[in-house]
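Ligands are counted one by one from 1 in listed order, and the atoms in each one are counted from 1 as well.
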Amino acid sequence: MSRFQVVEQGPPIEVFQLTKLFAEDSFQNKVNLSVGAYRDENGKPWVLPVVRKMEKQMAEDDTLLHEYLPVLGFEQFSQLATAMLLGQDNPVLAAGRAFGVQTLSGTGALRVGAELLNKHLHYTTYYYSKPTWENHHLVFMNAGFTTPRTYRYWDEKTRAIDFDGLMEDLKNAPENAVIILHACAHNPTGIDPTHEQWEKIADVMEERKLFPFFDSAYQGFASGELDKDAYAVRYFVKRGFELVCAQSFAKNFGLYNERVGNLSIVLNNSSHVPAIRSQVTWIVRGMYSNPPAHGARVVTAVLSCKQLFDEWKDHIKVMSSRVIQMREALRAELVKLGTPGTWDHIVKQIGLFSYTGLTQRQVEHLIQEYHIYLLKSGRINICGLNPSNVAYVARAMNDAITKFPDDHDTIAHSKL
Ligand code: LMR
């Protein structure tokens, strides 16, 4: 008899379970539209050439050691990452009111930031968009938050942002509630607020004294422009908010498994920086002690050299343009087939994902009959599409939608 018999089997993590099922599937034309990772036009992962180049140089560099990093990571990395987020010339940097801490990718930044807010500011309520990246909930609960709430975000009928619902939910939020906001390329819907909408969100958050916690997982990847994708965070900073932002370098550098992240913290008074740094040090010390070096070294080298930085900016343009092309291609195929429903939302959305509007039954059909893997919410990773499989995927979607019509669509069409 084992004392461990009390341990019950937990549920699988959908996105990784699908990746495993895909890998095990022997069907030749299988398609993986599940995990949010870039694939090139041949369906293959892409190590960015500038990353490969740096790694080769690093392999030859005998001065690089495997000594521990400081608990808060590479100082230079964090400074560069925070400057990339806020913009080099942001006055808060010159005023010493913003700083960064190296973390275990975006997830680690979310966790450390949430623990800081919970332990030291005693915040307990957090709001995430409905829907959101499914891990937000768990990370905040594990960090000590006790009251999870959602704000409306996606309107299923219009396949667009439910802005009235969002505003109403924020208006009803209690003071000091932490609001998780996606900096750009909202995961899973691919729909971001417009500049006017961000302004209104900031108004209500200011009025209700809510705390912005940005999650920036796609800077540069969404539009191809670093500055454009940082608009919302910079706008909130300009408005005078104190805030934190979790930054991931998984997608924009293709460094998924190197866990390169940064937690940026913006304050209204630089004199608070030393105390916060010291408390974050203790949070990290008790969690994983200090972060890994490899990925942060690569990012630091690229962000600190004009020539490498320009090469990297070309790479993010390649990735974001391919996504945009595939959005167009999928919509065109669906329209060509006369697939019931409207498909403009696929091209209006940005970033890796499209929230297609496919129902759970339709998703099951795609997986079972066509070996096309996607989340049951209907989210697809657009990068999983390429010129060789987009027609196949569109035909499969058309079949699923025709065989198992969604009630909304059926009603909408019978009215036409
Ligand atoms: C995704 O949303 O697919 C990625 O961010 C991978 C993950 O950790 O969920």
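Checked against the 6.0 Å centroid threshold, Trp154 and His186 do not count as a close aromatic pair. Not less than 6.0 angstrom separates the ring centroid of Phe213 from the ring centroid of Tyr126. In summary, the aromatic rings of Phe77 and Phe249 are positioned with their centroids under 6.0 Å apart.
In this structure, Lys200 places its NZ atom where only 12 or fewer heavy-atom neighbours from other residues, nucleotides or ligands lie under 6.0 Å away.
For ligand 1, the atoms sitting less than 4.0 Å from at least one non-hydrogen atom of Arg379 are 1 (C), 2 (O), 3 (O), numbered in the order shown with element in parentheses. Near Val15, the atoms of ligand 1 lying under 4.0 angstrom from a non-hydrogen atom of the residue are 3 (O), 9 (O). Listed by atom number, the atoms of ligand 1 under 4.0 Å from Val35 heavy atoms are 3 (O), 6 (C). For ligand 1, the atoms closer than 4.0 angstrom to any heavy atom of Asn187 are 2 (O).
Checked against a 3.5 angstrom limit, the closest N/O atoms of Ser34 and ligand 1 fall outside it.
Of all protein heavy atoms, the one closest to atom 4 (C) of ligand 1 is Lys251 NZ, 3.3 Å. Trp133 NE1, 3.5 Å is the protein heavy atom nearest to atom 7 (C) of ligand 1.
With Glu311 as the partner, the salt bridge (Lys or Arg N to Asp or Glu O under 4.0 Å) test is satisfied by one option alone out of Lys53, Lys317, Lys306, Arg52: Lys53.
Residue-ligand proximity: Glu134 is placed with every non-hydrogen atom at 4.0 Å or more from ligand 1.
Rounding to the nearest 0.5 Å places OG1 of Thr359 at 8.5 Å from CD of Glu364.
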